[in-house]
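Note sheet for the following structure.
All values derive from a computational prediction rather than experimental measurement.
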Amino acid sequence: SQQGEEDPQALSIQEGENATMNCSYKTSINNLQWYRQNSGRGLVHLILIRSNEREKHSGRLRVTLDTSKKSSSLLITASRAADTASYFCATRDSGGSNYKLTFGKGTLLTVNP
Amino acid sequence: NAGVTQTPKFQVLKTGQSMTLQCAQDMNHEYMSWYRQDPGMGLRLIHYSVGAGITDQGEVPNGYNVSRSTTEDFPLRLLSAAPSQTSVYFCASSYDWRVDGYTFGSGTRLTVV
């Protein structure tokens with residue numbers, strides 16, 4: 001069953017603009033992770049944020065986590081054509097089944113040159 | 001380090017045939033897992049292992065077997081292929097699944113006819 005749900009399903013922007021993707025989830029989590037997948041490739045881990053953290057940065061990426069709203073956002077600043085990919089959030093439950101990392105269905109980001 | 005290596009990259013099977021998808025990692029990761037990715041479904045966990053000799057089922061284990069005789073290898077066996085198993089299969093590993101992100105292989109695209 002899906003835990004994280006990304007929004008929007010697809011996003012098209014111009015190079016240089018910022019891109020924001022959102023993720024909502026249903027249960028208490030230990031951590032939330034964001035991954036990128038280029039077409040036809042495997043997923044690449046971008047960033048992990050723990051349940052006791054509210055914001056995390058990595059280069060042009062900024063992730064926020066609001067556990068009271070059970071939501072997270074991924075902001076990519078000054079986007080480039082090379083950022084074109086699908087982006088997935090994944091959650092690890094804080095409960096007994098926390099061995100499992102549950103992925104959402106992803107947001108397809110297109111950055112136009 | 002080669003990371004996570006999956007073979008083959010592509011495979012076509014006839015209904016009822018069996019085969020093994022190979023996954024190997026050279027990062028001394030204890031945790032390994034298999035996911036399948038289908039359009040509109042995101043990634044779903046098939047089986048996982050928290051160390052050599054230890055395996056368990058994920059959310060869609062039917063029709064698949066795994067074993068973990070070494071830390072490095074985690075093969076996925078399809079016992080009797082069905083068209084419903086047509087998918088892209090990803091192997092992923094992690095040093096400490098509780099706090100680390102996953103490293104993914106490049107995937108195996110399987111078609112069952």
Point-to-point distance, once rounded to the nearest 0.5 Å, from CG of A:L101 to CG of B:L43:
9.5 Å
Quick one: do B:F74 and B:L45 end up in the same hydrophobic cluster if we chain Ile, Leu, Val, Met, Phe, Trp and Tyr together by side-chain heavy atoms under 4.5 Å apart?
no
For chain B, which residues from residues 37-65 of chain A lie under 4.5 Å away (heavy-atom distances)?
A:Q37, A:G40, A:R41, A:G42, A:L43, A:H45, A:L48, A:R50
Can you name the residues of residues 80-90 of chain A that have some heavy atom under 4.5 Å away from a heavy atom in chain B?
A:F88
Say you draw a straight line from CG of B:D100 to CZ of A:R92; how long is it, rounded to the nearest 0.5 Å?
9.5 Å
Supply the atom-to-atom distance A:F103 CZ to B:Q37 CD, rounded to the nearest 0.5 angstrom.
9.5 Å
Go through the atoms of B:Q6 and report whether side chain, backbone, both or neither lie under 4.5 Å from a heavy atom of chain A.
neither
If Ile, Leu, Val, Met, Phe, Trp and Tyr residues are connected whenever their side-chain heavy atoms lie under 4.5 Å apart, and connections chain through other members, are A:I76 and A:L108 in the same group?
no
In terms of hydrophobic clustering (I, L, V, M, F, W, Y; side-chain heavy atoms under 4.5 Å; direct or indirect links), are B:V66 and B:L13 co-clustered?
yes
Which atoms of B:Y102 are under 4.5 Å from chain A, going by heavy atoms: the side chain, the backbone, both sets, or neither?
both
Step through the shown structure and confirm whether more than 12 heavy atoms of other residues, nucleotides or ligands are within 6.0 Å of CD on A:Q9.
no
Examine B:Y35 and B:V4 and state if one hydrophobic cluster contains both, with Ile, Leu, Val, Met, Phe, Trp and Tyr joined whenever side-chain heavy atoms are less than 4.5 Å apart.
no
Check whether B:V50 gets within reach of chain A through its side chain, its backbone, both or neither, counting any heavy atom under 4.5 Å.
neither
Is there a path from A:L74 to A:L11 through hydrophobic residues (I, L, V, M, F, W, Y) whose side chains come within less than 4.5 Å of each other?
yes
Cut-off 4.5 Å, heavy atoms of chain A, and the answer for B:D56 is neither
